[in-house]
Number of protein chains: 2
Amino acid sequence: MLNLSASEENYIKTIFHLQEEEKNVTTNGLAAVLNTRPASITDMMKKLKQKKLVHYQPYRGFRLTTGGNRYALSIIRRHRLWEFFLFEKLKFSWDEVHSVAEELEHVSSKKLIDKLDEFLDFPRFDPHGDPIPDNQGKILKTRQIPLSEMPLNRTAVVCNVGDQSASILELMDHNKIGIGTRVEVKKRFDFDHSLEIKIRQQVPFIISESLAKKIFVKHGA
Amino acid sequence: MLNLSASEENYIKTIFHLQEEEKNVTTNGLAAVLNTRPASITDMMKKLKQKKLVHYQPYRGFRLTTGGNRYALSIIRRHRLWEFFLFEKLKFSWDEVHSVAEELEHVSSKKLIDKLDEFLDFPRFDPHGDPIPDNQGKILKTRQIPLSEMPLNRTAVVCNVGDQSASILELMDHNKIGIGTRVEVKKRFDFDHSLEIKIRQQVPFIISESLAKKIFVKHGA
DNA sequence: TTTTTAATTTAGATTTGCCTAAATATATTT
DNA sequence: AAATATATTTAGGCAAATCTAAATTAAAAA
Ligand SMILES: [Mn+2]
Ligand SMILES: [Mn+2]
Ligand SMILES: [Mn+2]
Ligand SMILES: [Mn+2]
């Protein structure tokens, strides 16, 4: 497989993520995320088009080719495996892993990544609850689900709150739940559908169904 | 601490190693090791002199400053810790670790390296038997010693053979001992000073004192 | 001590990845 | 359908890290 520079890899990966939201990625959109100027994006798109990694027509935006997509998934695989390693083995906190993985992901040895995967026992989700592509580039597509629908005893990660009111934030704050919090549902009570949940090393506690419906989590399949 | 590019780091590290042999490092000498042209070395030396990492007078060769030396040791620390990780945790073979570590060493997070060190339980030697600097940059200086002088039950790595005759090579070949072989002395017999040694997962076997005196190993302190 | 050889530096390019400012194409309003 | 605004591309430059070919300096040989 062809070998891209760290810069090219960052472009490819970012296009991949932007594509999940919009069909077509724009010059300004990509420039904003990558913290560069639109002119730089145009330069790079010409190069990536040459390498057949993006479809690109001037003024018409761009998207990854099949090859570009495959490459993007391999970068995401590296990124998330390293995040898992940092979190699980080196005891980094969930919000510290990203920036270091951002560098490690560019170390290109295929063998390194496959051995790392094996060493970590083939994890399926990174510390943010995002799925890790396997060595074939296959990835589970996870969508956000409300905590109320999580199966029991599986780690999930809070990724969204479907309500921005002060009252819900106060309650979440009180319970020390926020974006990124890892949570496990231990029990579901039939009477009022309240949930017993556990976060971090704390003793489990109970939250109402109405709160659980507003807390969106990733992963759990 | 200032942050150097991967390229600058490779220069600094290589100068450090060359310095161990010769007081003064030369333009051509460094160019040969780094696989670049002499003109590139001169360019880089000007830059590193500016950054006060090398002492350099045109036509007079160069050597690291105190700061350059400290920086070199931090790169060597990263390199050898990664080598140890690859060998010990990911089960790479001893001759595969170097090239991957050559890339990993440039990931610059201090926290990453110190946590990795801790995770690996503060190893003192890399898979080639070279000492790993601690987080203060302190490094044990190991010299080569003949296998006959190794203490019992400590892993050593064959790094040199003090005789190039066909007969010694035949014997080493027969015993499957070569540069890089990891060996442990299990017992020393008083009668003829022969040694019982163990290599890899094999059953221990005996070699003569005269052979053991010609096989030089690193590490064991 | 010259002369010759070898090592080193300088001059001038090239590539990658980025930038600013100006031009141009597309989209949105009137 | 113009006119205006916004998005995008082009033109021209710059810094890092490399190169080749041409000086230049130092070392070795005569
Ligand atoms: Mn990155
Ligand atoms: Mn992640
Ligand atoms: Mn390196
Ligand atoms: Mn080593």
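Numbered from 1 within each chain, the chains take letters A, B, ... in sequence-line order.
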For [N], does either OP1 or OP2 sit under 4.0 Å from a side-chain N or O belonging to [X]?
| X | N | value |
| --- | --- | --- |
| A:Tyr56 | D:dT8 | no |
| A:Tyr11 | C:dT16 | no |
| A:Arg37 | C:dT20 | yes |
| B:Thr36 | D:dT18 | no |
| A:Asn28 | D:dT8 | yes |
| B:Lys46 | C:dT10 | yes |

Whole Å only: how far is the [atom1] atom of [X] from the [atom2] atom of [N]?
| X | N | atom1 | atom2 | value |
| --- | --- | --- | --- | --- |
| A:Asn10 | C:dT16 | CG | C1' | 15 Å |
| A:Ile41 | C:dC18 | CD1 | P | 8 Å |
| A:Met45 | D:dT8 | CE | P | 12 Å |
| B:Asn24 | C:dT8 | CG | P | 10 Å |
| B:Arg60 | C:dT9 | CZ | P | 10 Å |
| A:Gln50 | C:dT15 | CD | P | 13 Å |
| B:Asn35 | D:dT18 | CG | C1' | 13 Å |
| B:Lys49 | C:dT9 | NZ | C1' | 14 Å |

Which of the following nucleotides, [options], is nearest to the side chain of [X]?
| X | options | answer |
| --- | --- | --- |
| A:Thr42 | C:dT8, D:dT8, C:dC18 | D:dT8 |
| A:Pro38 | C:dT9, D:dT9, C:dC18 | D:dT9 |
| A:Tyr59 | D:dT9, C:dT9, D:dA27 | D:dT9 |
| B:Ala39 | C:dC19, D:dA27, C:dT10 | C:dT10 |
| A:Thr26 | C:dC18, D:dT18, D:dT8 | D:dT8 |

(message) Surrounding NZ of B:Lys213 (heavy atoms of other residues, nucleotides or ligands, distance under 6.0 Å), is the total greater than 12?
(response)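 It does not: B:Lys213 NZ has 12 such atoms or fewer within range.
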(message) I want to confirm an ordering. Mapping A:Met44 and B:Gln57 to their closest nucleotides on DNA chain C, which one lands closer to the 5' end?
(response)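 Nearest-nucleotide comparison on DNA chain C picks B:Gln57.
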(request) Select base, sugar-phosphate, or nothing to describe what B:Phe62 touches, counting heavy atoms under 4.0 Å on all strands. (result)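 No contact.
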(request) Mind checking B:Thr27 for me? I need base, sugar-phosphate or nothing, with any heavy atom below 4.0 Å counting as a touch. (result)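 Sugar-phosphate, no base atom in range.
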(request) Establish, for the pair B:Lys89 and B:Phe119, whether the NZ or CZ atom is under 6.0 angstrom from the six-membered ring centre and no further than 45 degrees off its axis. (result)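 The answer is yes; both the distance and angle limits are met.
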(request) Kindly confirm or rule out a cation-pi arrangement of A:Lys218 over A:Phe125, judged by NZ or CZ under 6.0 Å from the six-membered ring centre and within 45° of its axis? (result)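 Judged by the rule (NZ or CZ under 6.0 Å from the ring centre, within 45° of its axis), A:Lys218 is not positioned above A:Phe125.
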(request) Check whether the side chains of B:Glu96 and B:Ser93 place a donor and an acceptor atom closer than 3.5 Å, and report yes or no. (result)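 There is such a pair (donor and acceptor under 3.5 Å, judged by atom type) between the side chains of B:Glu96 and B:Ser93.
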(request) Check the side chains of B:Ser5 and B:Ser7 for a donor-acceptor pair under 3.5 angstrom, ignoring hydrogens and angles. (result)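 No, no side-chain donor-acceptor pair sits under 3.5 Å.
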(message) Restricting to non-hydrogen atoms, name the atom on B:Glu102 and the atom on B:His79 that form the minimum distance, rounded to 0.1 Å.
(response)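 Looking at all heavy atoms of both residues, the closest pair is OE1-CE1, 3.3 Å.
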